[in-house]
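To start, the structure itself, in structure tokens.
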Protein chains: 2
Amino acid sequence: MTSQGATRQPKYQRIADALRKSIQAGEYGPGDRLPGENDLMAAYEVARMTARQALGVLQNEGLAEARKGAGVFVRAFRPLRRRGLQRLAQEQWGSGRSIWSTDSEDRELVVDQIDVREEEADDRVCDALGITPGTQVWARSRRFVLDGKPVLFATSYLPSDIVADSPITQRETGPGGTYARLAELGHGPVHFREEIRSRMPSADEADRLSLATGTPVIRIVRTAFAEDGRAVEVNEMTLDSASYVLEYDFDA
Amino acid sequence: MTSQGATRQPKYQRIADALRKSIQAGEYGPGDRLPGENDLMAAYEVARMTARQALGVLQNEGLAEARKGAGVFVRAFRPLRRRGLQRLAQEQWGSGRSIWSTDSEDRELVVDQIDVREEEADDRVCDALGITPGTQVWARSRRFVLDGKPVLFATSYLPSDIVADSPITQRETGPGGTYARLAELGHGPVHFREEIRSRMPSADEADRLSLATGTPVIRIVRTAFAEDGRAVEVNEMTLDSASYVLEYDFDA
DNA sequence: AAGTGGTCTAGACCACGCG
DNA sequence: GCGTGGTCTAGACCACTTC
């Protein structure tokens with residue numbers, strides 16, 4: 001029957017709109033529980049699937065988050081600020097600090113899922129590094145967890161002929177990290193290029209970053225170049241878009 | 001009944017996985033039509049809503065796109081490359097070229113939904129420009145449509161006390177655009193800061209950019225600073241994430 | 001134990017687009 | 001006109017969280 005009143009909008013959209021308005025009006029704050037499926041069925045006299053669809057809209061917009069057996073809750077945002085240039089200034093890694101330390105400041109940062117291995121470079125990596133397909137590279141993977149929430153994972157690829165037998169092939173690279181070691185090897189990076197994309201995560205990515213429905217990922221591919229113009233590292237990063245603001249400063 | 005075989009995965013996920021695998025294997029190329037709801041119902045012996053859910057997964061991942069009355073199709077990607085630094089180099093607007101011309105190259109670019117008006121700056125803009133709340137600013141809005149597809153819309157805010165009576169308050173700002181005019185007024189930008197976020201679009205944003213389900217937007221807020229350190233412009237841009245790759249080049 | 005969201009069924013009517 | 005996806009109903013069972 002779908003007794004239409006005066007509107008040409010789907011019921012579930014009207015319900016979603018009403019909830020969204022309530023959220024934006026501050027009626028429900030971050031972390032608050034929204035009316036559940038049963039509440040909406042009663043309040044709007046609709047079927048379960050229709051109430052579900054309305055709540056699904058808010059989740060796909062990234063405004064709300066469902067917790068099984070508990071309810072649907074308004075999401076909170078407090079992103080990290082990632083400064084694209086300052087964090088890679090030579091003084092950073094030259095002084096023995098991790099370039100990640102500038103992002104997190106006074107919050108608890110855990111690095112896990114560390115994996116260091118040698119492998120054959122795939123096409124994308126070969127292209128970025130400017131090497132012939134099939135060349136061996138060292139791959140360094142890790143995930144960053146901030147205050148218990150995974151925010152980023154990254155894999156860094158370095159040509160084997162440069163880094164073989166160096167600490168870069170070990171789990172712990174020492175003070176200043178990979179870039180300080182590359183400098184000692186005579187291949188210190190002097191130039192960087194970062195490529196940024198955004199898209200919805202694969203199921204695997206959503207899992208590794210504990211992403212709620214409706215959260216895109218930001219994909220950053222950074223290539224580091226040495227003095228002689230050679231690409232010495234390519235770093236593929238996947239960020240939780242709800243956890244990050246990227247910042248780039250530059251002169252005209 | 002949901003006769004479970006050996007898996008603990010929902011049916012709709014298994015169907016979605018199978019379709020995704022077929023796409024990645026190249027069985028369905030960009031623009032190809034995927035099996036529809038009726039096909040999936042027959043092939044997997046599931047109810048309509050379950051087949052729908054499976055197709056919904058692919059749409060939310062940005063892999064597929066539904067066209068009413070026609071079917072569900074594999075999406076194609078060929079993003080523009082937006083170079084963050086080069087495009088804002090002084091030679092660009094100093095030479096009378098539009099900074100947008102570097103992005104599009106040989107494709108057909110249409111600018112529409114142009115709106116130029118004076119208004120009271122809201123809190124966010126005041127904060128970025130470093131002015132007191134309620135100050136008057138000129139707001140310049142426009143949308144960019146590339147080969148018939150909207151890819152970006154932006155609103156630029158400039159303090160009224162700087163731009164009053166200049167061509168910046170007109171629809172057409174002349175060769176080199178706003179930045180060339182600012183330079184003539186003695187407030188040429190010498191430094192820029194870009195802040196980048198990503199999130200799912202609001203219904204309004206999805207509409208203005210003709211976004212398919214499962215497409216995030218990229219939000220760029222650029223602030224331009226003059227020689228004296230004063231912020232002379234803040235530009236809020238909203239990009240279709242499927243149409244753009246951002247690129248930033250910088251030295252260590 | 002009660003309530004929540006997650007999955008699923010088997011129907012229905014509609015608006016749209018394509019040929 | 002016919003098939004498509006879009007919306008909607010009225011049920012059902014499950015796993016999970018919270019009390």
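A note on names: the letters A, B, ... follow the listed sequences, proteins ahead of strands, and every chain is numbered from 1. Bear in mind the structure is a predicted one, so any value in this text is a computation, not a measurement.
With rounding to whole Å, B/M49 atom CE is found 11 Å from C/dT7 atom C1'. As rounded to whole Å, 12 Å separates atom C1' of D/dG3 from atom CZ of B/F73. Rounded to a whole Å, the OH atom of A/Y44 is 14 Å from the P atom of D/dC8. Atoms CD (A/Q9) and P (D/dG6) sit 16 Å apart, rounded to a whole Å. Rounded to whole Å, the distance from CD on B/Q13 to P on C/dT7 is 8 Å. For A/I15 and D/dC8, the CD1 to C1' distance is 11 Å, given to the nearest whole Å. Taking atom CE of residue A/M41 and atom C1' of nucleotide D/dG11, one finds them 10 Å apart after rounding to whole Å. In this structure, A/L40 atom CG and C/dT4 atom P are separated by 11 Å, rounded to whole Å.
Nearest nucleotide to the side chain of A/Q53, out of C/dG5, D/dT7, D/dG5: D/dT7. Comparing C/dG6, D/dG5, C/dT4 by their closest approach to the side chain of B/E37 singles out D/dG5. With D/dT7, D/dT9, C/dA10 as the choices, the nucleotide that has an atom nearest any side-chain atom of B/R52 turns out to be D/dT7. Set against C/dG6, D/dA10, D/dG6, the side chain of B/K68 has D/dG6 as its closest nucleotide.
Take A/E118 and apply the side chain to side chain contact (heavy atoms under 4.5 Å, CB included) test, not counting sequence neighbours, and it matches A/Q136, A/W138, A/S160.
Comparing A/V46 and B/R33 against DNA chain D, the residue whose closest nucleotide sits nearer the 5' end is B/R33. Nearest-nucleotide positions on DNA chain D for A/E45 and A/G69 put A/E45 closer to the 5' end.
The phosphate of C/dT4 (OP1 or OP2) has a side-chain N or O of A/N38 nearer than 4.0 angstrom. Side-chain N/O atoms of B/K11 include one lying less than 4.0 angstrom from OP1 or OP2 on C/dT9. In terms of phosphate contacts, A/T50 brings a side-chain nitrogen or oxygen within less than 4.0 Å of OP1 or OP2 of D/dT9. For C/dT7, one of the phosphate oxygens OP1 or OP2 lies less than 4.0 angstrom from a side-chain nitrogen or oxygen of B/Y12.
Under a 3.5 Å cut-off, the side chain of B/R199 and the backbone N or O of B/R197 do not form any donor-acceptor pair. Using a distance-only test at 3.5 Å, with no hydrogens or angles considered, no donor-acceptor pair links the side chain of A/T238 to the main chain of A/R219.
With respect to A/D17 and A/R14, no salt bridge is recorded, no charged nitrogen being found less than 4.0 Å from a carboxylate O. Contact check on A/E195 versus B/R81 returns a salt bridge, with a Lys/Arg side-chain nitrogen under 4.0 Å from an Asp/Glu carboxylate oxygen.
Contact annotation: side chain of B/R48 to base of D/dG5, donor-acceptor pair present below 3.5 Å.
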